Every structure is written in C-alpha cells, then in structure tokens.
Amino acid sequence: METAVAFRELVRITSFLATLPAWLSGLLLIVGLPMLVAGLQALIRRHFPVLGERRHNDVAGFLLAVIGVIYAVSAGFILVDLHENRVEAKNAARSEAFSLMAIAQTSQVMGKDAQQRIVEHVLAYEKAVVESWPPGKGSPMAPLHALDRLLTEISRLQPTNATQAAFVAEATRELMEVSVAHQELDIGGREGYLDTSLWVAMLISSSATLAFCLLFGLENARLHYLMVAGVTTVIAVNLFLMVQLNHPFKGDLAVQPNSHQYVVRELER
C-alpha cells in the first residue's frame, strides 16, 4: 500500500513539473539538483576524509563505468520512446482534425442541404476540441457528444447511388476511428506516457550513478566538485526532457490544437 502511494506521488510530482514553465522546471532540475548533490558531496568529504586516499578508486571507477553505460542506454531508450510518443500524439491530433475536414468536404455528394448540416456538426466538434484543449485537462464529453451528433446525422442519410453509399460507409468508419483516437489522447494527457515503474528505474539508476561519483576519491576538491556537477547536470537534463516529453499536452513544449483551429477557419470561410 505504501509503495502504491509513493508511486502515485511520483506521478503527481512529474505531472506538476510538466505544468510549470519550461524555464522554471529546468531551473529546478538543471540548477537545483547539482546544488543539492554539491551540498551532499561537501558533507561526505567532511565526514569521510578517508575517501580522499583513493584506496577504492579502481573498484569504484570500474563500477561507475558499468553503471554509466547502463544508465546512458536506458535514458536514451526512454527519451527516444517519449519523443516518438509526442510525435504520434501530434500526428494523431492532426489526423483527427483533417479526417473530419475531409468528411465535410466530400459530403457534397449527398447534396447541398446534407452537406450544410454535416459541416455544422464538424465545426461544432472542432470548436469543442479547441475549447477543451489540452486533452486530459477536463471532460472529453463535449467533443464526444458533438461527434455522436455527427455520427447520428450521417447514419440518417439515405444514399441513392453507389457514390453516396461509399461516402456513408467511409465516413462512419472514419468517425469511429476519430472517437477512439480522441479518447486515447485524453488518457495520455491525463496519465502521461511513461510508466511509473520506468520512472522508479530511472531514479534508482540516476541515484546509483551519482552515488559512485560521490564515492570516487579525489584529493583536489574543486576538481571533484566539477566532475560531480557535470555528471549531475547531464542527469538533470535527461530528467527535464523526460518530464517535458512525458506529458505532450502540457508545458511550453505542448502540442497545440493548430490543426483543429485551421479546420475551423477553413470551414467557416
């Protein structure tokens, strides 16, 4: 139970950092973390002066190299995966908007009156998406209700030829896909894309890497501080990118509803 609570707190902290401006979350991680580690290093050097004798450096250096490679591979894999998720979220939002735009434009095969009604429903959906943006922030029901009304309108059409029948079938299929995609984007916006277990794994590997850097003995204190600060900064940058990319609809790097806004402008013309 306590572990589950800790995991939820971790998810909430990362979500909170994603809502902050990029410069502020970057300041907290990229500047704050090295300062925190530097303070810890000062305490270790003061209370454990034996580390300066470098008796254990051979073993510590070997283990640090192994842990560093494992950390680099893990962090690189997660960052690439998160970046791909952000690109997919952006493409999904774009595909969702332009799929409905295509339905509105090709509905001319059903006649002028039917096309006008379909365009109105498409506009209602696109505007509802823009007003409720970003996904996961509020209730997704307003866009889904507009989508249901559009689906009902299309289901009421009575095709009189093969072209109209093909339009109704294709539009119905597209609307079902849009509905599923919209709900998936809403879930991703609420929970993020990186599993809590991976967050825990990254924090453990980051802590282990920093721990061996702190235990590595150096007589020159300034050089030791500089080396540890450099490693900590790299780790902090990776954590900052993970926080930003984990929530593609939050923060300064968030995916914007540009495609939906474009469709609204085009259809209203």
Side-chain angles (χ1 to χ4, degrees), residues 6-7 9-49 51-52 54 56-87 192-248 250-254:
F7 283 178
E9 288 297 321
L10 174 63
V11 173
R12 189 169 66 176
I13 291 173
T14 58
S15 180
F16 170 73
L17 289 174
T19 61
L20 298 176
W23 68 267
L24 182 55
S25 60
L27 186 67
L28 292 175
L29 288 172
I30 301 175
V31 177
L33 185 59
M35 293 180 62
L36 178 63
V37 174
L40 182 60
Q41 180 183 357
L43 291 176
I44 292 176
R45 291 186 66 90
R46 177 180 301 175
H47 294 285
F48 300 95
L51 295 178
R54 301 177 295 175
H56 60 291
N57 276 10
D58 292 340
V59 176
F62 173 77
L63 294 177
L64 178 59
V66 173
I67 293 175
V69 171
I70 296 175
Y71 170 80
V73 173
S74 302
F77 171 79
I78 291 177
L79 286 174
V80 169
D81 187 55
L82 288 176
H83 180 263
E84 290 179 351
N85 285 334
R86 183 182 183 277
V87 173
Y193 288 90
L194 188 61
D195 293 337
T196 306
S197 58
L198 291 179
W199 271 117
V200 174
M202 285 307 304
L203 292 179
I204 292 176
S205 60
S206 300
S207 301
T209 304
L210 292 176
F212 276 94
C213 289
L214 293 173
L215 295 177
F216 198 83
L218 285 178
E219 294 180 359
N220 190 324
R222 293 184 179 179
L223 181 59
H224 195 186
Y225 280 110
L226 182 61
M227 293 173 59
V228 173
V231 175
T232 307
T233 301
V234 172
I235 292 176
V237 169
N238 287 336
L239 294 176
F240 168 74
L241 291 176
M242 290 177 191
V243 169
Q244 294 296 315
L245 295 176
N246 187 44
H247 297 275
K250 296 180 181 179
D252 293 344
L253 303 180

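As the structure is a prediction and not an experimental result, all values here were calculated from the model.
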query: Nearest heavy-atom pair of Arg86 and Pro248: which atoms, and what distance?
result: CG-CB, 3.9 Å
field: Gap separating the CG atom of Leu198 from the CE atom of Met242, nearest 0.5 angstrom
entry: 9.5 Å
field: Between CG on residue Asn246 and CG on residue Leu241, distance to nearest 0.5 Å
entry: 12.0 Å
- prompt: From Ile235 CD1 over to Ser205 OG, what is the distance, rounded to the nearest 0.5 angstrom?
  reply: 7.5 Å
- prompt: CH2 of Trp23 to CG of Leu28: how many Å apart, nearest 0.5 Å?
  reply: 8.5 Å
Can you give me every donor-acceptor pair (side chain of residues 30-41, partner residue at least two apart or in another chain, under 3.5 Å) with its distance?
from	atom 1	to	atom 2	distance (Å)
Gln41	NE2	His224	O	3.4
Gln41	NE2	His224	ND1	3.2

message: Can you give me the closest heavy-atom contact between Phe240 and Ala22, atom names plus distance?
response: CE1-O, 3.4 Å
List, one per line, each side-chain donor-acceptor pair under 3.5 Å for residues 70-85, sequence neighbours excluded.
from	atom 1	to	atom 2	distance (Å)
Tyr71	OH	Asn238	ND2	3.2
Ser74	OG	Ile70	O	2.9
Asn85	ND2	Asp81	O	3.3

